[in-house]
Protein chains: 2
Amino acid sequence: MRIGDLAARAGVSVRSVRYYEEQGLLTSVRSPRGQRLYGDAEVERVRFVQRLYAAGLSSRTIAELLPCVDSPSRENSDAAMERMLQERARLSQHIDDLIQTRDTLDRLMAVAAEHHALQAAGTSSATHSTC
Amino acid sequence: MRIGDLAARAGVSVRSVRYYEEQGLLTSVRSPRGQRLYGDAEVERVRFVQRLYAAGLSSRTIAELLPCVDSPSRENSDAAMERMLQERARLSQHIDDLIQTRDTLDRLMAVAAEHHALQAAGTSSATHSTC
DNA sequence: CTAGAAGCTGACATTGACGTCAGAGGCAAG
DNA sequence: CTTGCCTCTGACGTCAATGTCAGCTTCTAG
C-alpha cells in the first residue's frame, strides 16, 4: 500500500502522512526505489493519531506516548503511564470546561428565546437581560 | 480602569485585550489622550470571550455572536440563534469526541497496567496487546 | 515506449491568537 | 523636572499542522 492509498483510507492528506512520519508518529518501509509502503495496520494508526490530535495533544506529546503503545517495556511504561494520566486529567478538565461553556450557551439561548417570545407578543417587559 | 488593570483582573495579557478590540469583541472609551478606559462589566466580557475561545470558536464566530448578546433586536436574534444552535451542535460533537478519546486512553491504560502487573509477576502471558 | 498519474525532497506560505520590540507619548510621585 | 511605569501604534516573530509549489524520479496504462 502506497502513501496515496493510506491517506485516502485514513481520510487525511498525503502531506499529513509524511508529516506524521517526520514527527516520528508513523514508520514506513521503503520500496527499493524509495517509495513509502504501508500495511493495513497503519490505517488505524493514522486514525488513532488523528484522534489524539483532536484531543488537543501535540505531536511531541503523541510521540512520547506512542513508544509505549508500540513496544511495551518496563522502562517506558512507567513514564508513559504517568504521561497518560496527565493527559487524561487535561482531557477531563477540557471536557468539563466545554460542558460548562455549552451550559452558558444554553442559558443564553433560553433568555434569547424568551425575549423573542415576549417581543412577538408585543410585550416589552422589564427583562433587561442580554438578547 | 485602564487596560493593564482590566487584563490583570480578567487574567489575560494586555496584548490580548487589544487584539479583542481589534477583532470587534470588545469596545473601549478613550481618554482625552487616547488611552483605553473600561468599566467593571468588561472584566466579565473578557472572561466570556475567553470561554468561547476555549470552546473552539474563532474570533469571527464570536464576533457574529456578540451583537445578539449586546443589543437584542429582532433582525439579529434569528441569525444569532441559528448560529448558537450550530455552535452548540459543534460543541456537543467535540465533547463526544473527547470523551471517546478519553475512553480509548482509559482502555490503553488498563491494558498497560495489566501488562505491568503481569511483568512484575514474571508472567509472560499471551496478551499480545499494545503495552 | 510514452504520457500522465503519483511519489520524493526541500522549501516557502498560511492561519490564528497571541508575544515581543521599537519609538513615542502620558501620568503620578518625589 | 525627572524618574519610572503605563499606554499607544505598527510591525514583525512564533508555533503547529498543513497547503502548495518546484524540480525530479518512478510507476502504470495504453
Side-chain angles (χ1 to χ4, degrees), chain A residues 1-39 42-43 45-66 87 90-91 94 97-98 101, chain B residues 1-39 42-43 45-66 87 90-91 94 97-98 101:
Chain A
M1 182 186 214
R2 293 191 301 172
I3 195 171
D5 303 318
L6 174 62
R9 282 210 218 168
V12 304
S13 69
V14 169
R15 178 69 174 89
S16 295
V17 174
R18 291 207 193 96
Y19 178 73
Y20 295 167
E21 179 168 333
E22 187 182 321
Q23 299 300 308
L25 312 181
L26 187 65
T27 54
S28 63
V29 168
R30 295 302 182 105
S31 82
R33 287 307 187 178
Q35 299 201 338
R36 294 171 177 86
L37 299 177
Y38 304 93
E42 316 310 313
V43 177
R45 173 72 159 218
V46 170
R47 292 212 179 107
F48 183 58
V49 167
Q50 278 274 306
R51 299 203 32 191
L52 293 181
Y53 272 131
L57 307 207
S58 70
S59 60
R60 208 173 61 78
T61 304
I62 299 176
E64 289 181 45
L65 233 45
L66 287 180
E87 292 306 326
R90 231 184 36 76
L91 212 52
H94 194 189
D97 287 352
L98 290 188
T101 300
Chain B
M1 182 185 215
R2 293 190 300 173
I3 196 172
D5 303 319
L6 173 63
R9 281 209 218 168
V12 303
S13 69
V14 169
R15 178 67 175 93
S16 295
V17 174
R18 291 206 194 95
Y19 178 73
Y20 296 166
E21 179 169 332
E22 187 182 319
Q23 300 299 310
L25 312 181
L26 187 66
T27 53
S28 63
V29 168
R30 295 302 183 108
S31 82
R33 287 306 185 180
Q35 300 199 338
R36 294 172 177 85
L37 299 177
Y38 304 93
E42 316 309 315
V43 177
R45 173 72 160 217
V46 170
R47 292 212 179 107
F48 184 59
V49 168
Q50 278 274 307
R51 301 206 29 194
L52 293 181
Y53 271 130
L57 308 207
S58 70
S59 61
R60 209 173 60 77
T61 304
I62 299 177
E64 288 180 45
L65 232 46
L66 287 179
E87 292 306 326
R90 230 185 35 78
L91 213 51
H94 194 190
D97 287 353
L98 291 189
T101 300

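In the text below, chain A, chain B and the rest are named by the order of the sequence lines, each starting its count at 1.
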| query | Quick one: is S13(A) getting a side-chain N or O under 4.0 Å of the dG19(D) phosphate, OP1 or OP2? | reply | yes
| message | Please report the distance, rounded to the nearest Å, between CD1 in I3(A) and P in dT18(D). | response | 13 Å
| task | Sort out for me which residue in Y19(B), Y20(B), F48(B) forms a ring pair (Phe, Tyr, Trp, His ring centres under 6.0 Å) with Y53(B). | result | Y20(B)
| request: Answer whether the closest heavy-atom distance between the side chains of R36(A) and R30(A) falls below 4.5 Å. | output: yes
| message | Can you tell whether the side chains of R18(A) and E22(A) come within less than 4.0 Å, N to carboxylate O? | response | no
| query | Is M1(B) close to R9(B) at the side-chain level, that is, under 4.5 Å between some pair of heavy atoms? | reply | yes
| Any side-chain heavy-atom pair from L98(B) and L98(A) closer than 4.5 angstrom? | yes
| said: A side-chain contact here means heavy atoms from C-beta on lying under 4.5 Å apart; do L57(A) and T101(B) qualify? | reply: no
| task | With the side chain of R18(B) defined as its heavy atoms from C-beta on, choose the nearest nucleotide among dT7(D), dT18(D), dC18(C). | result | dT7(D)
| Quick one: M1(A) CE to dC27(D) C1', roughly how many Å, whole number? | 17 Å
| remark: note: L6(A), atom CG; dA6(C), atom P; distance rounded to Å ~ 15 Å
| message | Measure OH/Y53(A) against C1'/dT18(D) and give the value in whole Å, please. | response | 10 Å
Protein and nucleotides 28-30 of chain D: nitrogen or oxygen contacts under 3.5 angstrom:
none

| said: Within the 4.5 Å heavy-atom criterion, are Y38(A) and V46(A) side-chain neighbours or not? | reply: no
| request: For R15(B) and dT9(D), give me the distance from atom CZ to atom P, rounded to whole Å. | output: 11 Å
| task | With the side chain of Y19(B) defined as its heavy atoms from C-beta on, choose the nearest nucleotide among dT18(D), dA17(C), dG19(D). | result | dA17(C)
| message | Whether the side chain of R45(A) engages the backbone of L25(A) through a donor-acceptor N/O pair (distance < 3.5 Å, no angle test) should be reported. | response | yes
| task | Quick one: list whatever passes salt bridge (charged side-chain N to carboxylate O under 4.0 Å, His left out) with R33(B), sequence neighbours left out. | result | none
| Near DNA chain C, which residues from residues 20-38 of chain B have a heavy atom under 4.0 Å away? | Y20(B), R33(B)
